[in-house]
Amino acid sequence: MNDRPFYVLLGPDGAGKSSVMAEIEHRLPTWRTLSTDDAFVRPEHGLVTRLRHDVVGEVLPHLGAAYSADFMASLLQTAVVHLKDEIQRQDDDVPVVVDSYYYKILAKCRLAGLEENPMYAWWRSFPQPRAVVYLDVSPRSAWRRSGNGARLNALEHFGEFPEWQGFEDYQESLHKLMLEEIRELPVTIIEEQPSAAHTADAVVEVLTS
C-alpha cells in the first residue's frame with residue numbers, strides 16, 4: 001500500500017476541491033478520485049453518505065448538549081477509515097487522488113475542542129501520500145462562495161451562528177492546523193485562481209509533472 005501512487009487534495013472550506021476533483025475525473029480518466037462527497041461515493045457505500053449527512057443534520061446542531069465531541073469524532077472516523085480502505089482496494093498501477101484524507105477531519109475535531117484522542121494516533125499511522133496539493137483561498141472569497149454564510153455548517157465557523165468574523169477566525173485556524181499536520185510531506189500550494197478551471201489546470205499540472 002505504501003508504494004501506490006497516492007496523492008491528497010487539501011484546502012480550507014470553500015477552496016473548490018469538489019469542483020477540481022470533478023475536473024480531474026474528466027481530464028485524467030485513468031486516475032481514481034476518492035472522496036466522501038456525495039458525487040464521488042459509490043452506491044454500495046451509501047452508508048458513508050448517510051452517516052455524513054447525519055453528522056451535519058443531527059449531531060452538529062446538538063453538539064455539546066445531546067452529543068459530545070468524542071461521539072462526533074467517532075462518527076467522522078468512519079469517513080477516514082472508508083478513504084483508507086478505498087485507497088487499499090485500488091490496483092497498484094492506478095494513480096489515486098484523495099479528497100482531504102484524514103488531515104481536515106483531524107483539524108476540525110481539534111477545533112471542536114477535542115485536542116487529543118487515541119484515534120488520532122491511529123489515523124497518523126496510515127500510509128502517507130507521495131505529495132499533497134493544497135488549494136489556498138482567502139476567507140473572504142470562501143465566505144462569498146458559501147452564500148455569505150448561508151450554506152455553512154457548525155464545523156466551518158466559530159460561534160453559535162455563521163457570522164463573518166467567526167468564519168474568518170475558524171478558517172485561519174483550520175489552515176494553520178492542516179499545514180501543521182502535513183509539515184513533513186511534500187506540499188505544493190496552489191494560490192487562489194480566477195476560476196475552477198484555472199485551479200484544475202494548476203492541479204493537473206502538478207499531478208502529471
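Along the sequence shown, the residues carry numbers beginning at 1.
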When hydrophobic residues are tied together by side-chain contacts of less than 4.5 Å, even through go-betweens, does [X] share a cluster with [Y]?
X	Y	result
V133	M21	yes
V48	L51	no
L106	V80	yes
V203	V187	no
W123	L34	yes

Give me the atom names and distance for the closest heavy-atom approach of [X] to [Y].
X	Y	result
Q128	Y103	OE1-OH, 2.6 Å
A200	E23	CB-CB, 3.6 Å
V41	S35	CG2-O, 3.6 Å
R145	G14	NH1-O, 2.6 Å
L63	S68	CD1-O, 3.6 Å
N117	L114	ND2-CD2, 3.6 Å

Derivation of the side chain to side chain contact (heavy atoms under 4.5 Å, CB included) call for L174 and L111: CA-CA 8 Å; L174 179 65; L111 291 175; 4.0 Å; yes
State whether the side chain of [X] and the backbone N or O of [Y] hold a donor-acceptor pair below 3.5 Å, judged by distance alone.
X	Y	result
T208	V204	yes
Q90	E86	yes
N153	L155	yes
E191	D136	no

Is any side-chain N of the basic residue among [X] and [Y] closer than 4.0 Å to the acidic one's carboxylate O?
X	Y	result
D13	K108	yes
E181	R124	yes
D91	R32	no
R110	E180	yes

Is the shortest heavy-atom distance from the side chain of [X] to the side chain of [Y] under 4.5 Å?
X	Y	result
R130	L185	no
D99	F40	no
V8	V97	no
I105	S100	no
S173	K176	no
M72	C109	yes

Step-by-step side chain to side chain donor-acceptor pair (under 3.5 Å) determination, E25 to W31: CA-CA 7 Å; E25 279 195 331; W31 289 54; over 6 Å; no
Aromatic centroids of Y101 and F6 separated by under 6.0 Å: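 Judged by ring-centre distance (under 6.0 Å), F6 and Y101 do meet the cut-off.
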Evaluation steps, side chain to side chain donor-acceptor pair (under 3.5 Å), between T49 and R52: CA-CA 5 Å; T49 298; R52 178 172 172 266; over 6 Å; no
Nearest 0.5 Å, please: how far is [atom2] in [Y] from [atom1] in [X]?
X	Y	atom1	atom2	result
R140	F167	CZ	CZ	10.0 Å
I87	H82	CD1	NE2	10.0 Å
I182	K104	CD1	NZ	12.0 Å
Q88	F126	CD	CZ	10.0 Å
M178	Y134	CE	OH	3.5 Å
I24	L207	CD1	CG	5.5 Å

Polar contact flag, side-chain donor to acceptor under 3.5 angstrom, Q171-W143: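 There is no such pair (donor and acceptor under 3.5 Å, judged by atom type) between the side chains of Q171 and W143.
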E44 atom CD, neighbour heavy-atom count above 12 within 6.0 Å: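 Yes.
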Greater than 12 external heavy atoms within 6.0 Å of H198's NE2: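 12 or below, so no.
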Candidate pair L83 and Y102, rule side chain to side chain contact (heavy atoms under 4.5 Å, CB included), full reasoning: CA-CA 8 Å; L83 291 174; Y102 67 82; over 6 Å; no
D38 vs R50, salt bridge (charged side-chain N to carboxylate O under 4.0 Å, His left out): CA-CA, chis, key distance, verdict: CA-CA 9 Å; D38 294 359; R50 294 195 298 274; over 6 Å; no
Y7 and V98: CA distance, side-chain angles, deciding distance, side chain to side chain contact (heavy atoms under 4.5 Å, CB included) verdict: CA-CA 6 Å; Y7 304 86; V98 182; over 6 Å; no
Verdict with reasoning, F158 to E163, per side chain to side chain contact (heavy atoms under 4.5 Å, CB included): CA-CA 8 Å; F158 288 130; E163 298 177 335; over 6 Å; no
